[in-house]
Amino acid sequence: EGFKVRLSIKTALGDKAYEWNRNQRFLFQAAIAFAMSHHLDLEFNVSNVLVCDETPRVSFWFVVTSPGDPSRLVGKESVELAVRESRDRINNVLLLNDATLEFVGVLPTLVAPVKPATPPWLIVFGVVIGIVGAGIVFLLVSTVVQKKRKEKEVAEEEEDDEEAQMKRTARNEGIYNTSFSEDDRNTQM
Amino acid sequence: MAKDARDNWESPMQFVMACVSYAVGLGNVWRFPYLCQMHGGGGFLIPYLLMLLLEGVPLFYLELAIGQKMRLGSIGAWTAISPYLGGLGLASVVTSMYLCLYYNIINAWSFWYLFHSFQSVLPWAVCPVNSNRTGPIEECEKATPTQYFFYRETLNVSPSIEKNGGIHTGQALCFLLAWVITYLFIIRGVKSTGKVVYFTATFPYVVLLIYLIRGMTLHGALNGVKYMFTPKMEELANPTTWINAATQIFFSLGLGFGSLIAFASYNQYHNNFEWQAIIVSLINSGTSIFASIVTFAIYGFKATINYENCLERTRILLLNSFNLAEDSIIINNVFEMIEKLNTTFPEQLAELSNKLEDCNLENELSTAVEGTGLAFIVYSEAIKNMPLSQLWSVLYFFMLLMLGMGSMLGNITAITTPLQDFKFLSRISNEALNGFVCILCLLLGLGFTTRSGNYWFTMFNDYGATFSLLLIVLIEVITVSYIYGIKRFEKDIEDMLGHRPNWFWKIMWGGISPLLLIGLFLFYVINYIQGGTPTYQAWNKDLVSLYFYSSSLRWGFSFCCLYYSAS
């Protein structure tokens with residue numbers, strides 16, 4: 001009908017560990033009484049929580065008697081539910097946590113995991129793929145722009161050539177006939 | 001308008017960086033330390049360095065020479081040597097294609113882990129809570145959080161290769177990202193690759209150095225390093241040691257894929273590739289050794305932590321069972337207390353015997369892991385125990401990314417370069433061709449992001465390229481030495497470098513390297529014939545362990561052989 005409790009005070013607090021004595025035990029009893037009152041909405045007193053079989057480990061058994069009839073014990077399930085409900089408060093009062101204050105057989109109530117709206121990895125992923133995508137688009141666009149510029153340059157060069165040739169022909173005032181051209185303008189002697 | 005002259009590396013340094021980036025890859029980090037541990041620690045360096053001398057450097061030199069002389073990708077280069085050898089180049093391209101398909105999934109996993117490092121608590125450090133919030137998820141509790149994160153959350157692995165499952169969307173996204181980044185790096189061919197390799201080649205060394213310093217200062221790291229370096233010389237008598245050394249050198253340098261030929265084809269004609277070949281090979285091996293020192297420091301740390309956790313659990317168990325005061329047993333005297341309790345309360349201790357674990361540091365140290373298990377499970381476990389674990393995690397996975405991306409660049413270049421040499425493809429612009437190859441590999445590779453993807457990956461990794469490469473390089477060496485002729489090859493090298501190759505190179509090309517390769521090849525064939533049906537390890541989520549599962553992997557292997565022989 002009772003529960004075994006195990007405390008690991010030195011593991012939890014190291015140098016600041018307190019000595020387990022009658023007063024600390026009283027605090028524990030008070031905490032359990034609070035939990036029972038809170039859960040069942042009845043008035044439990046410290047004397048309703050009985051502790052026995054203490055060991056140097058700091059482990060002991062405890063049972064809870066019903067406030068109306070001290071010879072009757074409160075059922076295990078109620079005690080378990082009460083402890084689970086107020087586990088946080090009991091832990092804090094004794095400066096311990098779920099691992100260092102063990103109620104053997106009572107499953108801990110773990111904190112619900114915090115689930116952010118967007119998983120953080122997706123955010124980082126989005127940033128990276130955005131940057132990379134922008135880089136690719138930039139490079140592709142610059143390639144196309146470079147090509148267009150090159151084509152314009154070549155076209156301009158060709159145009160220049162044609163213009164220069166037309167200018168030369170115009171100066172000679174006639175159609176340039178290559179069969180009569182000579183490199184040397186002076187007649188040979 | 002006539003096609004522009006062939007692209008060139010902007011400087012010989014870019015070429016060296018590209019080769020280093022390609023050769024130094026994940027294998028240096030996750031395969032070499034394993035081999036070192038399996039084959040006698042420091043003693044393994046002897047066969048390793050010997051093989052580097054006898055087959056590594058000569059074959060590397062050979063491939064660079066071919067590429068630089070022919071100034072074409074692998075298909076064009078071998079066709080130029082002899083028209084009947086076009087198939088050799090084609091085999092290289094197909095093998096590179098295989099590699100490209102599956103290699104990028106590793107980068108996808110690295111991205112996944114990298115992005116998940118940006119959280120206050122690393123997701124592989126603690127087990128997630130189960131649905132009624134009473135405790136951690138059962139599968140996670142039986143295994144370790146790191147294993148759970150890898151097999152369940154990263155891969156969502158199915159029980160066997162036959163059960164496909166669907167595509168894991170997170171994986172698919174990371175895979176897409178990996179290919180998009182690969183495309184960004186190769187978009188303009190060597191003009192863009194040349195700039196990227198400065199970073200991908202050097203950054204891993206920065207991280208390794210940081211990790212070396214951090215690793216050596218970790219608690220228990222020296223246990224691991226001492227364990228690694230104590231040579232066990234008797235391993236040298238085991239032929240497997242020598243075979244593994246030869247195989248490791250061979251695959252680590254990335255010979256036979258056509259990447260080296262492709263890279264070298266963008267060199268200036270008179271580039272001095274002789275000293276470059278030697279330097280890159282030495283850097284590659286040096287990196288392997290360097291990485292294994294870091295890995296063993298990490299091993300030592302992890303083993304020591306596990307050992308101490310084991311002792312702690314034993315201590316708590318003893319305290320609780322015998323109701324002793326908390327400070328009566330401390331970590332250092334756990335074993336003495338067990339002895340004492342054995343004499344005072346033998347029956348009670350006997351009752352506990354099935355719950356008492358056997359805590360042994362040697363056992364922890366000797367658990368050697370390789371491959372993805374090392375990279376993603378063992379290292380993650382070590383990282384989660386370090387202070388400031390998010391920082392170390394980001395650094396580490398970024399390093400894995402650089403290593404993987406660097407190798408990918410070489411593999412993709414091995415495919416695009418021969419393709420660009422074809423006349424009918426030269427009308428398509430660089431960017432479009434590269435984009436097409438990337439999209440094709442992306443779509444085909446999506447199969448690796450399914451729930452059974454890890455098993456496909458293992459199959460490709462273990463069987464996809466081994467045989468083909470050995471045969472390809474063997475034929476390469478024999479071709480150059482006997483069909484093309486060493487004399488002609490000598491003249492070509494003299495033409496490029498200004499001096500003839502040393503007698504050492506000629507002996508290697510003509511005799512020693514081919515013999516070694518024939519030996520390796522025969523060994524693999526015999527092993528395969530004797531080995532029966534190939535097997536793979538599957539994750540069993542009820543037993544929470546890997547168990548061997550034989551399956552029809554044979555068809556995959558035969559497929560590789562089939563189209564290779566058709567070329």
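The figures that follow rest on heavy atoms only: side chains count, while hydrogens, waters and symmetry mates do not. Here is the naming used below: chain letters follow the sequence lines, and residue numbers restart at 1 for every chain.
- Residues Ile181(B) and Ile129(A) form no side-chain contact, since every pair of their non-hydrogen atoms from C-beta on lies 4.5 Å or further apart.
- Using a 4.5 Å cut-off between heavy atoms, Leu173(B) touches chain A through backbone and side chain atoms alike.
- At a heavy-atom cut-off of under 4.5 Å, chain A is reached by Phe118(B), Gln119(B) from residues 118-126 of chain B, listed in order of number.
- Ranked by non-hydrogen atom pairs under 4.5 Å with chain B, the options Val124(A), Val128(A), Val104(A) are led by Val124(A).
- Within the 4.5 angstrom heavy-atom criterion, atoms from both the backbone and the side chain of Thr143(A) approach chain B.
- Contact count versus chain A (heavy atoms, under 4.5 Å) is highest, among Leu184(B), Ile316(B), Leu114(B), Val180(B), for Leu184(B).
- Environment of OH in Tyr198(B): crowded, with over 12 heavy atoms of neighbouring residues, nucleotides or ligands closer than 6.0 Å.
- The aromatic rings of Phe125(A) and Phe115(B) sit perpendicular, their planes meeting at an angle over 60°, well past the 30° parallel limit.
- For chain A, the nearby part of Ile187(B) is the side chain; its heavy atoms alone come within less than 4.5 Å.
- Remark: the backbone N or O of Ser321(B) is not paired with any side-chain donor or acceptor of Arg57(A) at under 3.5 angstrom.
- With a threshold of 4.5 angstrom between heavy atoms, Leu122(A) approaches chain B through side-chain atoms but not through N, CA, C or O.
- Scanning residues 35-55 of chain A against chain B with a 4.5 Å heavy-atom cutoff picks out Thr55(A), ordered by number.
- Interface summary for chain B: among Val58(A), Thr11(A), Ile123(A), the most heavy-atom pairs under 4.5 angstrom belong to Thr11(A).
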